[in-house]
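Okay, structure first, notes after.
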Amino acid sequence: MSTTILLPGQPLPSNLVTPPLPQCGPGCYAVDGRILASVVGVPQRNGSVVSVIGREESGNTPDVGSIVSRLTTQQAHLTLTTSNDRPLPETSEEFQGVIRIGDIRLTERDKVKMGDCFRLGDLVKAKVLSLGDARSYYLSTAANELGVMYAVSEAGNPLLPVSYQEMEDELTGRREKRKVAKPEGI
């Protein structure tokens, strides 16, 4: 085990990520073939899995469960509600996140329209790209398993996913566009 302490966003030491490229465990994530820390802690490799072990108090980087609170043509602003399937602690300030238009999809980025991907109140599963500015995290839904997990139609009825870009009102049958998260287990 290394004694180097990493900060979120710093790459893991080269001796821990030698080929074959290991899988990311708790406390780290992969971007462009590099493995970066997502928590303050000490990196370690256990077989084919690398992780960054931090103190419980250091917390983790929010990566799932957020609700769309504001939309512009270039960004969706979200209020983060859970991290690693755990509710975030209630504080006087909410955790905020931003999904920029270029971070919605892996393909057809030039054709993306924010209003066709998210609506106010949608429950979105996203991953953290970076800590962003002082007010919010930069988030991404550019993976099949990321996107809208729950939404309500304009008529106020629950929507069910029918494709990666459409959801259907289960009562009226009307379809609405969204960037839909692939359901787990499919």
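Keep in mind that this is a model prediction, so the values were computed, not measured. Only this structure's heavy atoms are used, side chains among them; waters, hydrogens and symmetry mates stay out.
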All side-chain contact (heavy atoms from CB on, under 4.5 Å) counterparts of Asp116, not counting sequence neighbours: Lys113, Lys177
Which residues share a salt bridge (charged side-chain N to carboxylate O under 4.0 Å, His left out) with Asp103, sequence neighbours left out: Arg100
Heavy-atom closest pair, residues Gly97 and Leu80: N-CG, 4.3 Å
Set of side-chain contact (heavy atoms from CB on, under 4.5 Å) partners for Tyr150, sequence neighbours left out: Leu123, Val152, Pro158
Heavy-atom closest pair, residues Glu176 and Leu159: OE1-CD1, 3.7 Å
Leu106 to Ala142 - nearest heavy-atom pair and separation: CG-O, 3.1 Å
Partner residues of Val180 under the side-chain contact (heavy atoms from CB on, under 4.5 Å) criterion, sequence neighbours left out: Pro161, Met167, Arg178
Sidechain-backbone polar pair: Lys179 side chain, Thr141 backbone, donor-acceptor under 3.5 Å: yes
Hydrophobic cluster partners of Tyr29 (side-chain heavy atoms under 4.5 Å): Val31, Leu36
Residues in side-chain contact (heavy atoms from CB on, under 4.5 Å) contact with Leu171, at least two apart in sequence or another chain: Asn157, Asp169
Nonpolar side-chain network containing Tyr138, other nodes, edges under 4.5 Å: Val98, Leu129
Salt bridge (charged side-chain N to carboxylate O under 4.0 Å, His left out) contacts touching residues 141-168 (sequence neighbours left out): Arg119-Glu154, Glu154-Arg174, Glu166-Arg175, Glu168-Arg175
Give the table of side-chain donor-acceptor pairs shorter than 3.5 Å for residues 45-53, with sequence neighbours excluded, one pair per line with atom names and distance.
{"unit_1": "Arg45", "atom_1": "NE", "unit_2": "Gly47", "atom_2": "O", "d": "2.9"}
{"unit_1": "Arg45", "atom_1": "NH1", "unit_2": "Leu16", "atom_2": "O", "d": "3.0"}
{"unit_1": "Arg45", "atom_1": "NH1", "unit_2": "Thr18", "atom_2": "O", "d": "3.3"}

Heavy-atom side-chain contact between Val17 and Arg34 under 4.5 Å: no
